[in-house]
Amino acid sequence: MERWAAVDRHLEALLPDDPRLEATLTASAAAGLPPHDVSPVQGRLLELLARLAGARRILEIGTLAGYSTLWLTRALAPDGHLVTLEADPRHAAVARESLARAGLTGAVELVEGPALATLPRLEGPFDLVFIDADKERSADYVAAAIRLSRPGTLIIADNVIRGGALLDAASDDPRVQGVRRLVDAVAAEPRLVAAGLQTVGVKGWDGMVLALVAG
């Protein structure tokens, strides 16, 4: 894992110099929030995927301090819009400060409350949906994302591999069972064209499921 992290640090030479990103991580640590943000290299990947999707409307499920939010907004056109959902009031407060500091309060709408309660109030379609919230409900979030999508929408679900725990059908960890249900649900959904991607780096061994809404 030390070598994985070293490679990540080397690859950070490819990343933009955006002080808003580092300020968000600093604020998150100062507030005692869990270090569950995507890595800088993963954040850049999210930005690139959003650019490739031509995303003008983005939905993020799980804000934390707003680090991945900032990466995704880098891909938005000037008139683009991002909606991000956060259940924890303390996380939401730190994220609001980060968004204000970055000058993004006009481009980003932060909706506070449990996602399964706030998702039904949203109107689609969104061009890209990034799911990085409580893993127990991952399959429910995918179902909601499909409802808020259109043909061509890209859905990204993070932290699916979990150090290989995805393989453990007998796991008593509800997060593992949640991502297993997610994979099963995506595999069974005829409207999705999907692939899994394993990643290694400063966040250890994990990965994503990427799914394109085909129809």
Side-chain angles (χ1 to χ4, degrees), residues 24 27-28 31-38 46 50 53 55-73 76 80-100 102 104-150 153-160 162 171-189 191-192 194 208-213:
T24 298
S28 180
L33 270 57
H36 295 164
D37 316 88
V38 298
L46 291 175
R56 304 182 74 85
R57 297 194 74 219
I58 296 175
L59 171 61
E60 178 183 49
I61 304 175
T63 314
L64 196 57
Y67 185 67
S68 55
T69 315
L70 263 66
W71 276 110
L72 288 165
T73 58
L76 286 175
H81 189 66
L82 185 149
V83 178
T84 183
L85 311 182
E86 177 53 55
D88 189 306
R90 190 164 62 98
H91 299 178
V94 175
R96 285 194 182 93
E97 293 176 0
S98 296
L99 294 169
L104 292 171
T105 51
V108 177
E109 177 186 358
L110 196 160
V111 179
E112 188 176 328
L116 291 183
T118 57
L119 279 165
R121 303 203 296 263
L122 301 182
E123 292 186 9
F126 290 93
D127 306 308
L128 183 145
V129 181
F130 178 49
I131 301 170
D132 191 11
D134 52 313
K135 309 310 169 188
E136 297 90 331
R137 298 172 179 83
S138 295
D140 297 324
Y141 297 147
V142 168
I146 295 172
R147 180 183 66 80
L148 293 167
S149 296
R150 57 164 178 78
T153 293
L154 178 61
I155 300 172
I156 306 167
D158 199 13
N159 306 128
V160 173
R162 311 195 67 79
S171 174
D172 59 3
D173 186 334
R175 297 167 298 180
V176 173
Q177 293 301 332
V179 296
R180 285 180 60 84
R181 285 192 295 273
L182 178 148
V183 171
D184 290 344
V186 170
E189 176 52 69
R191 291 170 291 180
L192 297 180
M208 306 174 176
V209 164
L210 297 95
L212 188 71
V213 179

Heavy-atom donor-acceptor pair, Asp127 side chain to Arg56 backbone, under 3.5 Å = yes

What's the spacing between Asn159 CG and Leu182 CG if we round to 0.5 Å?
-> 11.0 Å

Can you list the steps and then say if Ser138 with Arg181 is a side chain to side chain contact (heavy atoms under 4.5 Å, CB included)?
-> CA-CA 8 Å; Ser138 295; Arg181 285 192 295 273; over 6 Å; no

Rounded distance [0.5 Å steps], OH in Tyr67 versus CG in Leu72 | 11.5 Å

At what distance, to the nearest 0.5 angstrom, does CZ of Arg137 lie from CD1 of Ile131?
-> 14.0 Å

Would Arg90 and Leu33 satisfy side chain to side chain contact (heavy atoms under 4.5 Å, CB included), going step by step from the backbone distance to the final call?
-> CA-CA 8 Å; Arg90 190 164 62 98; Leu33 270 57; 3.7 Å; yes

Shortest non-hydrogen pair, Ala50 vs Leu128, comes out as CA-CD1, 3.7 Å

For the atom pair CD (Glu189) and CD1 (Ile155), what is the distance rounded to the nearest 0.5 Å?
-> 8.5 Å

With rounding to the nearest 0.5 Å, note down the distance linking CD in Glu86 to CG in Leu64.
-> 6.5 Å

Hey, can you pull the donor-acceptor pairs under 3.5 Å for the side chains in residues 140-148, sequence neighbours left out?
from: Tyr141; atom 1: OH; to: Asp134; atom 2: OD1; distance (Å): 2.5
from: Tyr141; atom 1: OH; to: Asp134; atom 2: OD2; distance (Å): 3.4
from: Arg147; atom 1: NH2; to: Leu119; atom 2: O; distance (Å): 2.9

Between Leu192 and Val213, does a side chain to side chain contact (heavy atoms under 4.5 Å, CB included) hold up when you go through it step by step?
-> CA-CA 5 Å; Leu192 297 180; Val213 179; 3.8 Å; yes

Identify the two heavy atoms, one from Ala102 and one from Leu70, that lie closest to each other, and give their separation to 0.1 Å.
-> CB-CD2, 4.2 Å

Do you know which of Thr69, Leu104, Thr84 makes side chain to side chain contact (heavy atoms under 4.5 Å, CB included) with Leu110?
-> Thr84

Distance-minimising heavy-atom pair for Val179 and Arg162 = CG2-CD, 4.0 Å

Quick one: does Leu85's side chain get under 4.5 Å of Leu59's, heavy atoms only?
-> yes

What are the two closest heavy atoms between Arg57 and Pro125, and how far apart are they?
-> NH1-O, 3.1 Å

Mind checking the OG1-CG spacing from Thr153 to Leu212? Nearest 0.5 Å is all I need.
-> 8.0 Å

Is the backbone of Ala65 close enough, under 3.5 Å, to the side chain of His91 for a donor and an acceptor to pair up by distance?
-> no

Using side-chain hydrogen bond (donor to acceptor under 3.5 Å, both in side chains) as the criterion, list what pairs up with Thr24, not counting sequence neighbours.
-> none

Check Ala185 against Ala139 and note the closest heavy-atom contact, atom names and distance.
-> CB-CB, 4.3 Å

Could you tell me whether the side chain of Thr105 and the main chain of Ala100 form a donor-acceptor pair under 3.5 Å?
-> no

Considering residues at least two apart in sequence or located in another chain, which fulfil the side-chain hydrogen bond (donor to acceptor under 3.5 Å, both in side chains) criterion with Glu112?
-> Arg96

